[in-house]
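In what follows, chains carry the letters A, B, and so on, assigned in the order in which the sequence lines appear, proteins first and then strands, with residues in each chain numbered from 1.
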There are 2 protein chains.
Amino acid sequence: MSMPHRSRAERRRATEARILASARRLFAEKGYERTTIRAVASAAGVDPALVMQYFGAKRDLFTRAVQAVPELPTASDADALTDQLLTTLGLKLGGLPEGVLAMMRSMLTDPAAADQVRDALTRQIEAVTAAMPAAEDPELRAALLVSALLGITIGHQLLGLPPLRGAEADRIVGIIRPAVKSLTASAD
Amino acid sequence: MSMPHRSRAERRRATEARILASARRLFAEKGYERTTIRAVASAAGVDPALVMQYFGAKRDLFTRAVQAVPELPTASDADALTDQLLTTLGLKLGGLPEGVLAMMRSMLTDPAAADQVRDALTRQIEAVTAAMPAAEDPELRAALLVSALLGITIGHQLLGLPPLRGAEADRIVGIIRPAVKSLTASAD
DNA sequence: GTCTATAGACCGATAGAC
DNA sequence: GTCTATCGGTCTATAGAC
């Protein structure tokens with residue numbers, strides 16, 4: 001027997017993971033189009049042809065790099081929903097997974113990313129809608145709420161707007177809590 | 001004398017305007033990177049080399065195509081500011097100028113567009129801040145407000161989120177009015 | 001003044017040597 | 001299995017014919 005503590009399969013998985021991490025980082029920084037296979041390979045310390053060998057095509061690499069299951073809100077009333085959304089936002093503001101950032105970065109210029117984000121946001125809107133059945137026009141309220149939170153995330157994580165850049169998540173959450181509450185409130 | 005009702009200079013300006021219109025539309029649809037000089041020329045019915053002749057470089061064409069002076073809010077108290085922002089949003093939801101859409105479409109993947117949008121939003125945030133001096137943490141409140149409205153505009157105009165896509169501006173404005181009001185409200 | 005032709009650079013993907 | 005070499009394609013930009 002030879003001495004490699006790591007089998008071939010293990011080394012392959014490790015290399016694959018390193019490539020995926022580099023891809024995630026570059027896709028999140030530059031978006032789909034401006035990220036090249038060559039740059040990903042260089043960042044991962046491997047040969048460009050190896051990336052193609054492992055993932056087949058650039059599109060497949062992107063798909064693998066950004067796959068993440070977004071958790072949906074499960075609250076059943078408006079107050080619990082507010083807390084849940086704000087908690088999620090707070091976590092988001094503390095640093096979103098790079099795969100999600102990569103998807104968001106590309107959503108305005110890459111049709112495939114746009115479709116996937118649209119689907120994810122639609123599911124999120126449906127979940128929020130279900131959590132405030134007593135409100136008037138719940139679908140529209142939910143869509144506006146989700147879009148607004150998306151905008152805040154974009155301003156903070158992708159655009160780096162000065163006042164948001166240095167703000168702690170707690171302060172942000174504290175300020176928007178009443179606004180979110182007014183959107184989820186019933187119309188009684 | 002010859003009969004051309006349009007002088008050479010006039011025809012040149014007309015051609016330039018047609019190229020700019022095509023560029024604006026394509027930049028708004030596909031973003032900076034995926035829009036080619038060839039496609040712009042083809043849409044405008046001119047030769048690609050002519051586009052270069054007129055505008056020098058693709059970057060200059062983009063700059064010329066997206067230049068727009070964003071109007072800043074001039075309200076001096078929170079209530080007037082709310083009305084002003086909602087009116088602006090309503091107009092935006094009715095259809096933003098293509099130059100603005102082009103800039104927004106590219107802001108996440110093109111560094112130059114990102115800088116310009118960041119600057120414009122920063123100015124807007126400063127104007128909003130000035131309009132609610134009585135509020136606590138006015139800069140942060142203003143930044144959150146502007147980002148949230150940006151998100152709604154993105155969801156509606158660039159992503160086409162289903163529930164927003166068919167909604168009239170009036171209904172949207174009616175729903176978010178209390179939320180905006182709660183953000184601009186003083187902390188007394 | 002306008003268009004043809006092409007230079008020059010970069011990319012994704014592939015074939016084949018090792 | 002991994003890398004070298006390269007193909008075929010696209011693009012911006014330029015030079016020169018007309």
Peer 1: For Arg12(B), report the nucleic acid contact type (base, sugar-phosphate, nothing); a contact means any heavy atom under 4.0 Å.
Peer 2: nothing
Peer 1: Considering only NZ, NE, NH1 and NH2 on the basic side and carboxylate oxygens on the acidic side, decide whether Asp110(B) and Arg59(B) come within less than 4.0 Å.
Peer 2: yes
Peer 1: Among all residues two or more places apart in sequence or in another chain, which pass the side-chain hydrogen bond (donor to acceptor under 3.5 Å, both in side chains) test with Arg165(A)?
Peer 2: none
Peer 1: Do any of residues 43-59 of chain B sit with a heavy atom less than 4.0 Å from DNA chain D, and if so which?
Peer 2: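 Under 4.0 Å from DNA chain D: Met52(B), Ala57(B), Lys58(B).
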Peer 1: Going by the rule side chain to side chain contact (heavy atoms under 4.5 Å, CB included), which residues pair with Arg18(A) if we only count those two or more places apart in sequence or in a different chain?
Peer 2: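 Arg18(A) satisfies side chain to side chain contact (heavy atoms under 4.5 Å, CB included) with Thr15(A), Val46(A) once adjacent residues are dropped.
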Peer 1: I'd like the 5' and 3' limits of the part of DNA chain C contacted by chain B, with heavy-atom contacts below 4.0 Å.
Peer 2: dG1(C) to dT4(C)
Peer 1: The criterion is salt bridge (Lys or Arg N to Asp or Glu O under 4.0 Å); which residues satisfy it with Arg12(A), sequence neighbours excluded?
Peer 2: Glu16(A)
Peer 1: Sort and list the pairs that fulfil ring-ring contact (aromatic ring centres under 6.0 Å, His included) and have at least one residue in residues 108-158 of chain B, not counting sequence neighbours.
Peer 2: none
Peer 1: side-chain hydrogen bond (donor to acceptor under 3.5 Å, both in side chains) with Asp77(A): which residues, sequence neighbours excluded?
Peer 2: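 Partners of Asp77(A) under the side-chain hydrogen bond (donor to acceptor under 3.5 Å, both in side chains) test: none.
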Peer 1: For residues 80-99 of chain A, tabulate all N or O donor-acceptor pairs below 3.5 Å that involve a side-chain atom, not counting sequence neighbours.
Peer 2:
| unit_1 | atom_1 | unit_2 | atom_2 | d |
| --- | --- | --- | --- | --- |
| Thr82(A) | OG1 | Ala78(A) | O | 3.0 |
| Thr82(A) | OG1 | Thr184(A) | OG1 | 3.1 |
| Asp83(A) | OD1 | Arg177(A) | NH1 | 2.7 |
| Gln84(A) | OE1 | Ala75(A) | N | 3.1 |
| Gln84(A) | NE2 | Thr74(A) | OG1 | 3.4 |
| Thr87(A) | OG1 | Asp83(A) | O | 2.8 |
| Thr88(A) | OG1 | Gln84(A) | O | 2.9 |

Peer 1: If the condition is salt bridge (Lys or Arg N to Asp or Glu O under 4.0 Å), which residues does Glu33(B) pass it with, not counting sequence neighbours?
Peer 2: Arg34(A)
Peer 1: Do any of residues 13-32 of chain B sit with a heavy atom less than 4.0 Å from DNA chain C, and if so which?
Peer 2: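 Result for residues 13-32 of chain B: none.
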Peer 1: Just jot down the side-chain hydrogen bond (donor to acceptor under 3.5 Å, both in side chains) partners of Asp79(B), sequence neighbours excluded, or say none.
Peer 2: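 Listed in chain order: Lys181(B).
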Peer 1: What pairs of residues pass the side chain to side chain donor-acceptor pair (under 3.5 Å) test when at least one of them lies in residues 111-121 of chain A, not counting sequence neighbours?
Peer 2: Asp115(A)-Arg118(A)
